[in-house]
Trainee: 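Got a structure for you, questions after.
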Number of protein chains: 2
Amino acid sequence: MKQTDAHNTRHYHHGDLYPTLLHAATDIISEGGSESLSMRKLADRVGVSRTAPYHHFKDKNALLCAIAEQGFKNVERLLEEVRVREKTESLSVIFTEYFHHYIKLAYQNREQYDLMFGREIWRHGSPTESLQTISRQHFKSWLNWIERLSEQDVIRTDDSPLRTAQVCWATLHGLCRLLNDGIYTEQSQLDEIANAAVEMMLKKPH
Amino acid sequence: MKQTDAHNTRHYHHGDLYPTLLHAATDIISEGGSESLSMRKLADRVGVSRTAPYHHFKDKNALLCAIAEQGFKNVERLLEEVRVREKTESLSVIFTEYFHHYIKLAYQNREQYDLMFGREIWRHGSPTESLQTISRQHFKSWLNWIERLSEQDVIRTDDSPLRTAQVCWATLHGLCRLLNDGIYTEQSQLDEIANAAVEMMLKKPH
DNA sequence: CAATCAATCTTGACAGTGTCAAAATATCGT
DNA sequence: ACGATATTTTGACACTGTCAAGATTGATTG
């Protein structure tokens with residue numbers, strides 16, 4: 001399933017190093033985080049020499065950006081699913097479930113998630129041009145959805161949609177880190193906490 | 001002012017290395033983050049040999065924990081201030097202002113803040129015993145305050161105080177990361193966003 | 001089909017990292 | 001004054017990212 005379309009990225013000496021590296025790197029990171037990923041070990045595991053990856057990724061930073069991009073594609077897919085269900089189901093239910101899905105996705109790929117939003121890339125590294133675009137794009141999608149939600153009076157919104165989107169996202173993001181880093185809570189409380197957060201935002205007849 | 005009480009920690013060859021190291025390390029980190037802090041450069045800057053710090057901090061990890069601890073003492077002080085003002089001023093005003101103060105503090109010491117709650121220590125490193133206690137202690141203080149706030153009907157709370165505390169803190173924390181990492185927003189919007197977040201939590205006659 | 005060229009990969013090298021073991025030094029209590 | 005103990009240093013090891021230069025391969029063109 002991965003080898004079948006092996007020639008849309010051209011195959012080189014090794015086969016197709018680029019996707020192989022990306023995949024292996026994602027694996028390594030999911031186990032021990034980005035600091036456990038060494039360019040040399042990566043090359044080793046894939047079976048090439050230490051500096052071979054540098055012909056496909058300018059930097060370690062560039063490699064990390066590529067991994068983060070994949071993550072953004074995943075969460076974007078989550079929002080697309082929302083848009084589909086939106087036509088037939090209750091908005092508040094979808095909203096609630098999106099929260100749960102998002103948090104679960106973040107938890108199952110926590111290292112990748114940290115890469116997407118963490119300081120390593122955004123503050124100390126330098127985010128790739130393409131990472132910047134996909135990240136902005138995703139926020140736009142989110143903003144759009146929040147706008148639809150407030151138009152339909154589903155969520156509390158005493159402010160501009162932009163502010164609401166920022167605050168809601170901050171809450172969601174904060175929850176993810178809370179759970180991902182295991183601070184102040186455990187994963188068993190996940191569902192309850194997510195529900196409590198949603199309740200705080202929903203404009204329901206309480 | 002630092003040398004005056006130089007003998008509560010005994011003075012050694014160098015003078016008092018422990019606080020000197022701690023201070024210098026905090027400085028270095030505040031500029032370039034924890035990954036820019038090298039034990040060797042630190043030792044160099046302070047004027048001792050590479051491995052001297054290892055007699056005061058078991059690890060680089062232990063050093064980072066010590067820095068994080070200082071951060072917790074700072075935020076704890078913020079909550080103490082709240083307890084004082086509580087007797088004379090409006091709770092909702094204090095709550096709002098606490099949000100702004102906390103965010104500002106986090107922003108002004110962002111690297112330290114990341115250390116306090118980030119994966120580096122909590123997930124990949126191993127938090128010191130004393131760091132764990134002070135961190136738990138701080139959440140207890142926060143929880144206490146949230147309890148008082150919901151008893152006085154200041155904030156929305158459809159759930160147990162614990163859940164409310166977790167969600168509110170997640171929101172606050174999420175905002176900090178949002179601003180610290182410069183994702184999806186800029187620092188100029190800080191005040192507005194913080195206000196929007198508070199509004200979402202307050203149970204005011206809207 | 002052969003020769004050139006560019007893409008891909010490897011080897012060697014350098015400066016930097018955390019940290020351990022053992023040796024050296026200074027300070028303190030007696 | 002002396003010996004014990006706390007403090008610091010030197011040496012060493014196995015890592016790390018990444019650059020420059022050379023080697024190899026696959027594709028392209030004459």
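The model shown is predicted, which means the values in this text are computed figures rather than measured ones. Lettering follows sequence order; numbering is per chain, from 1.
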Trainee: B/Arg148: which residues meet the salt bridge (Lys or Arg N to Asp or Glu O under 4.0 Å) condition with it, sequence neighbours left out?
Mentor: B/Glu86
Trainee: Check the distance between D/dA20's C1' and A/Lys58's NZ and give it to me in whole angstrom.
Mentor: 16 Å
Trainee: Starting at atom CZ of A/Phe57, determine the distance to atom P of C/dT8, rounded to an integer number of angstrom.
Mentor: 13 Å
Trainee: Looking at B/Glu111, is its backbone amide N or carbonyl O close enough to the side chain of A/Arg119 to form a donor-acceptor pair, meaning the two atoms are under 3.5 Å apart?
Mentor: no
Trainee: Just the rounded figure in Å: distance from P of D/dG17 to CG of A/Leu63.
Mentor: 10 Å
Trainee: Quickly work out the B/Lys60 NZ to C/dT19 P distance and round it to whole Å.
Mentor: 8 Å
Trainee: Rounded to whole angstrom units, what separation is found between the CG atom of A/Asp16 and the P atom of C/dA7?
Mentor: 18 Å
Trainee: With a 4.0 Å heavy-atom cut-off, tell me which residues in residues 27-46 of chain A come close to DNA chain D, sorted by residue number.
Mentor: A/Leu37, A/Ser38, A/Met39, A/Arg40, A/Lys41
Trainee: Hey, can you tell me if A/Tyr102 and A/Tyr98 have their rings parallel, tilted or perpendicular (30° and 60° cut-offs)?
Mentor: tilted
Trainee: If the test is side-chain contact (heavy atoms from CB on, under 4.5 Å), which one of B/Gln152, B/Arg156, B/Glu151 qualifies with B/Val154?
Mentor: B/Gln152
Trainee: Where the side chain of B/Ser38 meets the backbone of B/Arg40, is there a donor-acceptor pair that is under 3.5 Å apart?
Mentor: yes
Trainee: Would you tell me if any nitrogen or oxygen in the side chain of A/His56 comes within less than 4.0 Å of OP1 or OP2 on C/dC9?
Mentor: yes
Trainee: Between A/Arg177 and A/Asp114, is there a salt bridge with N-O shorter than 4.0 Å?
Mentor: yes
Trainee: List for me each residue that meets side-chain hydrogen bond (donor to acceptor under 3.5 Å, both in side chains) alongside A/Gln132, sequence neighbours excluded, and say none if there are none.
Mentor: none
Trainee: To the nearest angstrom, how far is B/Tyr18 atom OH from D/dA6 atom C1'?
Mentor: 17 Å
Trainee: Angle between ring planes, B/Tyr18 versus B/Phe57, binned at 30° and 60°: parallel, tilted or perpendicular?
Mentor: parallel
Trainee: Let me confirm one number: the CZ-CG distance from B/Phe95 to B/Leu91, rounded to the nearest 0.5 Å.
Mentor: 10.5 Å
Trainee: Got a sec? Which of residues 118-130 of chain A come in under 4.0 Å of DNA chain D, heavy atoms?
Mentor: none
Trainee: Below 30° counts as parallel, above 60° as perpendicular, anything between as tilted: where do the rings of A/Phe117 and A/His173 land?
Mentor: perpendicular
Trainee: Can you name the residues that form a side chain to side chain contact (heavy atoms under 4.5 Å, CB included) with A/Ser160, not counting sequence neighbours?
Mentor: A/Leu162, A/Arg163
Trainee: Heavy atoms within less than 4.0 Å of DNA chain D: which residues of residues 47-55 of chain B have one? Give them sorted by number.
Mentor: B/Val48, B/Ser49, B/Arg50, B/Thr51, B/Ala52, B/His55
